[in-house]
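Labels below follow one simple rule: chain letters A, B, ... track the order of the sequence lines, proteins then strands, and each chain is numbered from 1.
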2 protein chains.
Amino acid sequence: MFTIKEVSEKMDVSEHTLRFWAKSGFFPFIKRDQNNVRLFSENDLEWVKIVKCLRTVGTDNKSIKRYIDLCLIGDSTISERYGIIQATKQKAEQQMSELSHQLELLEYKENYYKKLLKNNSAVDEWNPMNKVKEEESIA
Amino acid sequence: MFTIKEVSEKMDVSEHTLRFWAKSGFFPFIKRDQNNVRLFSENDLEWVKIVKCLRTVGTDNKSIKRYIDLCLIGDSTISERYGIIQATKQKAEQQMSELSHQLELLEYKENYYKKLLKNNSAVDEWNPMNKVKEEESIA
DNA sequence: CAATTACTTGAGAGTTGCTCTCAATAGCTT
DNA sequence: AAGCTATTGAGAGCAACTCTCAAGTAATTG
């Protein structure tokens, strides 16, 4: 059994967020000790894991709650849960491809700045002939 | 020259967000027509592109403003901008690897549900012998 | 054994980055 | 002229945290 602090470190989710998620009903099986302190079991960690996964992919909390509730209902909801997981997978894949697209832009910029740095250190800054005119700055 | 609606469609960013970004000072060169309507130039689209890129990777708006301001200052800030782009690239790479990690979990779940669906349709649900005991539901 | 330190709790305020609503204005169409 | 379509800025609303705080408990230390 783990305290919220231990879970926070183990799963790399802030204690605040874990409490917020708990209040949102994302961890239905959490026990408390005699002092009302939350104690997470290994099984509870699995719930943290799936919630973190869904949030990482950008699922909103309402949809996460829906998924949790489906799990609690039981076997009759398996095909709906299967659909949710599939849709989430697709979303994750789209995000990967979007990210790799943005990485291309970042690499282009990186090279652009690298070149500028090389040139700048080579030229004589004090020579007015090296002044470059620009209509508008570039991002 | 493009209206905000055209830019919204071209760049896949909502008009609301574009206005919000404009108000935040992310597009320093935007012109207006005689009716105060914003007109984006091709160069302005480049600013939209880089802002969208930085936001996609999760850069906060304050840091984006800092980057924009550095661009406006000019050549003396190239090495700082280079650093920002490098750090952003790293962040994007981390996010890719986090996403692909989460994709693994999603694939595992997908297979798990796929198997359950196959079994469920094969067994006789009305046979009490097929009742499976579970201590706690699983996410 | 009182005091300090280290956690934990829930309530609730504050923050970020949108997102949406609205009234005012302008141009185009019939 | 009336209707339709855009655009604008101001400002309300929202999601998902994030942070602050007072209160409670437990272990440690002087």
Would you kindly give the CZ-to-P distance between A:F40 and C:dT8, to the nearest whole Å? 11 Å
Tell me what B:T3 touches on the nucleic acid: a base, only sugar-phosphate, or nothing, going by heavy atoms under 4.0 Å. sugar-phosphate
Under 4.0 Å protein heavy-atom contact, by nucleotide of nucleotides 12-23 of chain C - B base, S sugar-phosphate only: -----SBSBB--
Rounded off to whole Å, could you give me the NZ-to-P distance for the A:K5 and C:dT9 pair? 12 Å
Below 3.5 Å between N/O atoms, which protein atoms pair up with nucleotides 25-27 of chain C? Just atom names and distances, please.
unit_1: C:dA26; atom_1: O3'; unit_2: B:N35; atom_2: OD1; d: 3.3
unit_1: C:dA26; atom_1: O3'; unit_2: B:N35; atom_2: ND2; d: 3.3
unit_1: C:dG27; atom_1: OP1; unit_2: B:N35; atom_2: OD1; d: 3.4
unit_1: C:dG27; atom_1: OP1; unit_2: B:N35; atom_2: ND2; d: 3.1

A:Y82-A:Q86 side chain donor-acceptor pair, cut-off 3.5 Å: yes
With a non-hydrogen cut-off below 4.0 angstrom, is B:R19 in contact with a base, only sugar-phosphate, or nothing? base
Could you tell me how far apart B:L39 (CG) and D:dT8 (C1') are, to the nearest whole angstrom? 13 Å
Heavy-atom neighbours of A:R66 CZ exceed 12 at 6.0 Å: no
For atom CG of A:L18 and atom P of D:dC17, their distance in whole Å: 10 Å
Quickly work out the B:I30 CD1 to D:dG9 C1' distance and round it to whole Å. 15 Å
How many whole angstroms separate atom CD1 of A:I4 from atom C1' of D:dT25? 16 Å
Just how far, in rounded Å, is C1' of D:dC17 from CG of A:L54? 17 Å
State whether B:E15 and B:K5 are salt-bridged, where the test is any N-O pair (Lys NZ or Arg NE/NH1/NH2 against Asp/Glu carboxylate O) under 4.0 Å. no
Is the phosphate of C:dT8 approached by A:R38 (side-chain N or O, under 4.0 Å from OP1 or OP2)? no
NZ/NE/NH1/NH2 to OD/OE distance under 4.0 Å, B:E107 and B:K114: no
Assign the ring pair A:F26 / A:W21 to parallel, tilted or perpendicular, where the plane angle (0 to 90°) is split at 30° and 60°. tilted
Taking C-beta and beyond as the side chain, do B:Y67 and B:T88 meet within less than 4.5 Å on heavy atoms? no
Does A:K91, at its NZ atom, have more than 12 non-hydrogen atoms belonging to other residues, nucleotides or ligands within less than 6.0 Å? yes
Please report the distance, rounded to the nearest Å, between NZ in A:K65 and C1' in D:dA16. 17 Å
With sequence neighbours excluded, residues passing side-chain contact (heavy atoms from CB on, under 4.5 Å) with B:S14: B:H16, B:T17
I'd like to know if the side chain of B:Q94 pairs up with that of B:Q90 as donor and acceptor (distance under 3.5 Å, no hydrogens or angles considered). no
